[in-house]
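Below is one structure; the comments refer to it alone.
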Amino acid sequence: MSTRHDVSRRPEGLFSVAMDEAEAGDEVVYHVGQHAGGPHKKEAAATYEAGKCILYQRKLGGGRFEYIAKKKGKTK
């Protein structure tokens with residue numbers, strides 16, 4: 001069962017801590033709003049570029065979205 005970690009209202013630097021603690025398949029919510037942003041955006045993008053997560057958004061309504069990094073499992 002996957003776990004949801006929400007760092008969207010937490011200070012910069014906690015995205016990496018959440019990703020380190022997360023298991024494969026866990027979601028880390030790094031921003032909530034109309035557009036991707038916030039203090040964790042660059043770190044989420046770098047983690048994606050390193051191949052450690054996938055990024056996506058979930059519609060909340062009222063023009064707002066959750067921006068999510070889902071931790072990938074280890075590859076052989």
Side-chain angles (χ1 to χ4, degrees):
M1 180 177 205
S2 63
T3 302
R4 184 175 187 266
H5 308 265
D6 188 345
V7 297
S8 63
R9 293 182 202 101
R10 303 297 307 251
E12 187 174 355
L14 292 181
F15 178 83
S16 289
V17 172
M19 287 299 287
D20 287 344
E21 292 176 355
E23 300 289 332
D26 285 358
E27 293 182 336
V28 177
V29 178
Y30 63 91
H31 183 69
V32 176
Q34 291 183 335
H35 306 284
H40 310 292
K41 180 182 174 182
K42 287 182 183 179
E43 203 169 3
T47 303
Y48 168 78
E49 290 294 326
K52 297 179 181 179
C53 71
I54 59 170
L55 300 178
Y56 55 95
Q57 59 189 354
R58 182 176 293 130
K59 189 172 186 175
L60 297 175
R64 296 179 59 220
F65 297 87
E66 285 183 324
Y67 293 88
I68 302 163
K70 186 172 187 173
K71 187 169 182 175
K72 286 185 172 182
K74 296 188 183 215
T75 58
K76 294 182 180 182

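Heavy-atom basis, side chains included; hydrogens, waters and symmetry copies ignored. Given the structure is predicted, the values throughout are model-derived calculations rather than measurements.
With a 4.5 Å cut-off on side-chain heavy atoms, Tyr30 and Asp6 do not count as touching. Between Thr3 and Glu23 there is no side-chain heavy-atom pair separated by less than 4.5 Å. Contact check for Val28 versus Lys71: no side-chain heavy atoms found under the 4.5 Å cut-off. Counting heavy atoms from C-beta outward, Val29 and His5 have side chains that stay 4.5 Å or more apart.
Side chains of Glu27 and Tyr56: a donor on one and an acceptor on the other come within 3.5 Å.
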Discussion item. Between Met19 and Cys53, is the side-chain contact (heavy atoms from CB on, under 4.5 Å) condition met? List the steps.
Written reply: CA-CA 9 Å; Met19 287 299 287; Cys53 71; 3.8 Å; yes
Item to complete: Before giving the answer on side-chain contact (heavy atoms from CB on, under 4.5 Å), spell out for Lys72 and Ile54 the whole-Å C-alpha distance, their side-chain angles and the decisive distance to 0.1 Å.
Response: CA-CA 7 Å; Lys72 286 185 172 182; Ile54 59 170; 3.7 Å; yes
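Taking NZ of Lys52 as the start and OG of Ser16 as the end, the distance is 8.5 Å to the nearest 0.5 Å. To the nearest 0.5 Å, atom OG of residue Ser8 and atom CD1 of residue Ile68 are 10.5 Å apart. Between atom NE2 of residue His35 and atom CZ of residue Phe65 there is a gap of 9.0 Å, rounded to the nearest 0.5 Å.
Nearest heavy atoms, Leu55 versus Ala69: CD2-CB, 3.6 Å. Across all non-hydrogen atoms, the minimal contact from Ala18 to Val7 is CB-CG1, 3.8 Å.
Within 6.0 Å of atom OH in Tyr48, 12 or fewer heavy atoms from other residues, nucleotides or ligands are found, so the atom counts as exposed in its surroundings. More than 12 heavy atoms of other residues, nucleotides or ligands shown are found within 6.0 angstrom of CD on Gln57.
Hydrophobic clustering, with ILVMFWY side chains joined whenever heavy atoms are under 4.5 angstrom apart, keeps Phe15 apart from Val32.
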